[in-house]
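The structure appears below as structure tokens.
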Amino acid sequence: MDQEYERRLLRQINHQNLPTEARLSKCVSATCSPVSIKSGDRFIPTRAGSNWSINFHYANENCRSPNQTHKAKDVTTDSSKDAVAYAALLRNELLGAGIETVPDTLTDDRRHAVLTQDSHSLFRYTVHTKRVPFDSDNEVSPYSLSPLSNKSHKLLRSPRKPARKISKIPFKVLDAPELQDDFYLNLVDWSAGNLLSVGLGACVYLWSACTSQVTRLCDLSVDGDSVTSVCWNERGSLVAVGTHKGYVQIWDATGGRKLTSLEGHSARVGALAWNGEQLSSGSRDRVILQRDVRTPPSAERRLQGHRQEVCGLKWSPDHQHLASGGNDNKLLVWNSSSLLPVQQYSDHLAAVKAIAWSPHQHGLLVSGGGTADRCLRFWNTLTGQALQSTDTGSQVCNLAWSKHANELVSTHGYSQNQILVWKYPSLTQVAKLTGHSYRVLYLAVSPDGEAIVTGAGDETLRFWNVFSKTRCTKESKSVLNLFTRIR
């Protein structure tokens with residue numbers, strides 16, 4: 001190489017590598033004149049220190065706005081899956097990643113896994129001492145007209161999982177007059193016998209999902225009382241009814257008769273939870289009462305830990321722990337032997353009504369906060385640690401897990417009144433459903449775990465297929481006539 005050309009080239013590279021401050025100071029110094037700087041005859045870019053995998057990965061990330069990034073995580077669409085396949089194809093051809101199947105979703109963890117599974121350099125030179133057959137994964141057939149490698153061909157031929165379709169329209173809309181718009185009440189529950197119980201004003205109605213027949217179970221107006229909560233036992237034979245005056249009534253759904261009326265609370269009973277033959281009730285008087293319906297009412301356990309109204313109660317799937325949420329922003333966990341909470345979580349900034357235990361992971365508990373909090377928070381009750389949280393953007397009114405998949409559904413109030421389906425643990429939104437004009441305060445899951453029913457202050461009950469792809473044809477053609485009016 002010509003020595004003069006080599007000196008000019010080194011001078012240009014050293015000048016480009018200097019910091020900005022150094023170059024400025026050098027130019028303003030007295031010894032620097034415009035005629036003393038000589039430029040090379042061509043531009044040679046410096047790529048030293050570049051990480052091509054990282055730059056390639058973040059090329060599209062940097063140009064996204066926060067709203068676009070959030071929307072991309074909300075729903076997995078066909079276009080997003082095409083983008084994943086295209087990105088994998090580019091990595092194969094440019095970086096030699098060797099990806100043969102399309103990743104399912106574009107989550108951060110999977111993107112990181114794709115990036116780290118092949119650490120080859122961008123440009124490399126190797127000498128093959130042994131000829132490889134033309135059908136090897138490392139070479140393209142000499143008779144192929146495609147410029148793509150065999151790995152990319154396998155990627156394009158790999159079977160793609162069909163996109164999950166969740167209908168944005170409820171398959172049933174039932175009218176429910178006098179359904180109260182009260183955040184602290186629980187007025188809808190679905191039994192194992194496929195009966196839906198709904199508290200409307202002073203009455204409790206039963207609707208059969210099999211026959212669409214409606215029966216009135218009880219009327220508390222004769223006693224000047226009203227319904228504040230309903231809850232089925234696990235077998236679906238008994239329904240507990242909490243009242244505004246603080247009573248808990250046990251009704252036989254088959255015979256339509258009241259078995260007993262339990263006293264003990266001095267204010268309304270807004271939360272109920274069965275645990276075998278034991279019934280837990282939470283009240284505005286801040287007390288949780290546990291009673292066995294087979295024993296005299298005097299045999300009861302009083303759990304005192306909340307400083308304001310108890311508005312959420314749920315027993316764990318193993319029947320060992322009770323989770324309670326209150327208007328004091330506390331989430332408490334009780335066992336069956338102690339009168340004091342064994343765990344207390346205080347991270348929420350608003351009332352905790354939405355509580356749900358995972359049927360898939362032992363000890364996993366999720367809770368949702370009210371308007372001032374808006375967050376879903378996940379807890380490991382085995383260790384007492386907080387796992388993760390996400391801001392939903394609106395008041396969390398109710399939560400329920402899918403019985404068959406690691407997914408959950410949340411219903412919301414102010415300000416969006418929406419229903420969200422989440423994947424766990426990635427917390428990506430599978431679907432967003434809207435239709436209610438008031439807060440979606442009430443939620444229940446069908447006994448087969450495929451459908452949900454939601455209720456709101458707009459006096460409607462809406463049925464959605466969120467955990468299944470198809471529904472029974474007979475169900476979809478049924479004529480509904482609940483509570484005298486249909487919308």
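The chain is numbered in sequence order, starting from 1. For the numbers below, each heavy atom of this structure counts, side chains included, while hydrogens, waters and symmetry mates do not.
Remark: the backbone N or O of L332 is not paired with any side-chain donor or acceptor of Q344 at under 3.5 angstrom. Side chain of S283 to main chain of A267: a donor-acceptor pair is present (N/O by atom type, distance under 3.5 Å, no hydrogens or angles). Side-chain atoms of T381 come within 3.5 Å of backbone atoms of G363 as a donor-acceptor pair (strictly under, hydrogens ignored). Put simply, the side chain of N380 never gets that close to the backbone of Q385: no donor and acceptor are under 3.5 Å apart. Q249 places no side-chain N or O within 3.5 Å of a backbone atom of K258 that could act as its donor or acceptor partner. In terms of modelled atom types and a separation under 3.5 Å, the side chain of S197 and the main chain of D189 share a donor-acceptor contact. A donor-acceptor contact shorter than 3.5 Å links the side chain of S402 to the backbone of H404. Side-chain atoms of T411 come within 3.5 Å of backbone N or O of N398 as a donor-acceptor pair. Between the side chain of H360 and the main chain of E407, no donor-acceptor pair closer than 3.5 Å is present.
Environment of CD1 in I169: sparse, with no more than 12 heavy atoms of neighbouring residues, nucleotides or ligands closer than 6.0 Å. Within a 6.0 Å radius of NE2 in H244, no more than 12 heavy atoms belonging to other residues, nucleotides or ligands are found.
In this structure, L272 CG and C231 SG are separated by 6.0 Å, a value rounded to the nearest 0.5 Å. If you take CG on N275 and CD on Q290, they are separated by 7.5 Å, rounding to the nearest 0.5 Å. Interatomic distance, W315 CH2 to L279 CG, rounded to the nearest 0.5 Å: 10.5 Å. For the atom pair CD1 (I355) and OG (S316), the distance works out to 12.0 Å, reported to the nearest 0.5 Å. For the atom pair CG of L185 and NZ of K353, the computed distance is 7.0 Å after rounding to the nearest 0.5 Å. Here W379 contributes atom CH2 and L387 contributes atom CG; the two are 9.0 Å apart, rounded to the nearest 0.5 Å.
Scanning for salt bridge (Lys or Arg N to Asp or Glu O under 4.0 Å) contacts around R301 gives an empty result, with sequence neighbours left out.
At least one side-chain heavy atom of I452 sits under 4.5 Å from a side-chain heavy atom of F467. In this structure, the side chains of Q395 and F183 come closer than 4.5 Å at one or more pairs of heavy atoms. Counting heavy atoms from C-beta on, the side chains of V396 and H412 come closer than 4.5 Å. The side-chain heavy atoms of H321 and Q343, taken from C-beta on, include no pair separated by under 4.5 Å. Using a 4.5 Å heavy-atom cutoff, the side chains of V239 and L195 are not in contact. Y345 places none of its side-chain heavy atoms less than 4.5 Å from the side chain of S367. Side-chain atoms of N233 and V293, non-hydrogen and from C-beta on, never get closer than 4.5 Å to each other. At a threshold of 4.5 Å between non-hydrogen side-chain atoms, the residues V352 and K330 do not count as touching.
Between L200 and A176, the shortest heavy-atom contact is CD2-CB, 3.9 Å. The two atoms that bring L365 and A356 nearest to each other are CD1-O, 3.4 Å, heavy atoms only. Contact detail for A400 and V445: the closest heavy-atom pair is CB-CG2, 3.6 Å. The two residues S446 and K403 come nearest to each other via the heavy atoms O-NZ, 3.4 Å. For the residue pair T228 and V269, the shortest heavy atom distance occurs at OG1-O, 2.5 Å. Contact detail for W357 and W401: the closest heavy-atom pair is O-CD1, 3.1 Å.
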With side chain to side chain contact (heavy atoms under 4.5 Å, CB included) as the criterion, how do L303 and L339 come out once you've worked through the C-alpha distance, each side chain's angles and the decisive distance to 0.1 Å? CA-CA 5 Å; L303 307 179; L339 296 179; 3.9 Å; yes

Given side chain to side chain contact (heavy atoms under 4.5 Å, CB included), test Q361 with N406 step by step and report yes or no. CA-CA 9 Å; Q361 294 176 259; N406 209 10; 3.7 Å; yes

Starting from the C-alpha separation in whole Å, work towards a yes-or-no answer on salt bridge (charged side-chain N to carboxylate O under 4.0 Å, His left out) for R235 and E277. CA-CA 10 Å; R235 291 179 292 180; E277 300 298 331; 2.9 Å; yes

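Using cut-offs of 30° and 60° for the angle between ring planes, the H306 and W334 rings count as tilted. The aromatic rings of W207 and F463 are tilted relative to each other, their planes meeting at an angle between 30° and 60°.
In this structure, a donor-acceptor pair under 3.5 Å is absent between the side chains of H436 and N417. Using modelled atom types and a 3.5 Å distance limit, the side chains of S226 and R268 yield no donor-acceptor pair. Residues H265 and S281 have side chains that bring a donor and an acceptor to within less than 3.5 angstrom of each other. Side-chain contact annotation: Y247 with D225, donor-acceptor N/O pair under 3.5 Å absent. With no hydrogens or angles considered, no side-chain donor-acceptor pair links N327 and E309 at under 3.5 Å.
Among residue pairs with one or both ends in residues 369-387, those qualifying as salt bridge (Lys or Arg N to Asp or Glu O under 4.0 Å) are D373-R377, R374-D391; sequence neighbours excluded.
Salt bridge K245/E263: absent, no basic N to carboxylate O contact under 4.0 Å.
The aromatic ring centroids of F378 and W422 lie 6.0 Å or more from each other.
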